[in-house]
Amino acid sequence: MFRRRGQGEEPEKKLELTDEETDTAAAKTADAGSGSDGGPWDAGDSFPELERIDFGALQVPIGPGLEVQVNVEATETDAEGNPIGGRLVAVTVVHGESGLQLQAFAAPKRSGIWDEVRRETAAEIAEAGGQTEDAEGPFGTELRAMVPVEIPEEIKDQVPEDVREQGFAWQPVRFLGVDGSRWFLRGVVSGAAIEDEEQWQVLEDVFRNVIVARGDQPMPPRELLELTLPEEAQEALAEEGDEEGKDGFKPFERGPEITEVR
């Protein structure tokens, strides 16, 4: 299934990247941030031929058991304050009870930004009362965090009393980062994949096979690369608007496995 993520489904804790220039001293090669098996990939690389959805700056693998969602940030509202327009700010791949949110940003030509972004993200989580630690993962150093999130009213009666009394729950999150050729790709993993190896392996393979299309236009470091809906999805959205009551839409057929699930 392919659907928009509604405004009410935005992540509980949104960690924004700043617009300031990075002062990272170490210069890196174009593929310095790639994982041990070669990906994520730059659009100019030679990469495995897999079925992917083209979102402009991101080309995202699809396969059995995967649902692709888009995160939309409202840019316009009607007289009653309801969102009527927006821009795509992220793509989220869902597998089982797990999610992988993907965002790509512009980066300096000869230096990466993940080290600095990771420190800033850790500082923001600490300020919010959470905990973080650096850890080595398949794509290099990643950030593992426990983030306090508000408990939705509709499920408060389903959580333990001590959690209900403290007013929040702890959500484990993994932040992945890869510095590429004038781009930076961030992945945010949440849900069962934090502990479930099978679900994690599927999302790891998705992240490894993402293609980033940076483009040639000049952009300041940390600016979000433009995401666009594929033509099929735009048509499906238009049809969805004309046919209320339908439970989502499916402009894409399931493809083959994106890679072997170890």
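Rounding to the nearest 0.5 Å gives a distance of 7.5 Å between CE of Met146 and CD of Gln131.
When the salt bridge (Lys or Arg N to Asp or Glu O under 4.0 Å) test is applied to Arg144, the partners found at least two apart in sequence or on another chain are Glu142. Judged as a side chain to side chain contact (heavy atoms under 4.5 Å, CB included), and not counting sequence neighbours, Ala123 has no contacts. Remark: Thr132 engages Ala122, Ile125, Leu143, Ala145 in a side chain to side chain contact (heavy atoms under 4.5 Å, CB included) (not counting sequence neighbours). Among residues two or more places apart in sequence or in another chain, the salt bridge (Lys or Arg N to Asp or Glu O under 4.0 Å) test is passed with Asp134 by Arg118.
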Could you check Phe105 against Trp183 for ring-ring contact (aromatic ring centres under 6.0 Å, His included), going step by step and ending with a plain yes or no?
-> CA-CA 6 Å; Phe105 302 85; Trp183 52 260; over 10 Å; no
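The list of ring pair (Phe, Tyr, Trp, His ring centres under 6.0 Å) pairs with a residue in residues 194-216, not counting sequence neighbours, reads Phe139-Phe207. Residue pairs that meet the salt bridge (Lys or Arg N to Asp or Glu O under 4.0 Å) test with at least one member in residues 54-64, sequence neighbours left out, do not exist here.
At a threshold of 4.5 Å between non-hydrogen side-chain atoms, the residues Val60 and Val93 count as touching. Residues Leu100 and Val188 are not in side-chain contact: their nearest non-hydrogen atoms beyond the backbone lie 4.5 Å or more apart. Side-chain contact between Arg174 and Ser190 is absent, with no heavy atoms from C-beta onward closer than 4.5 Å. Contact check for Thr228 versus Leu88: no side-chain heavy atoms found under the 4.5 Å cut-off.
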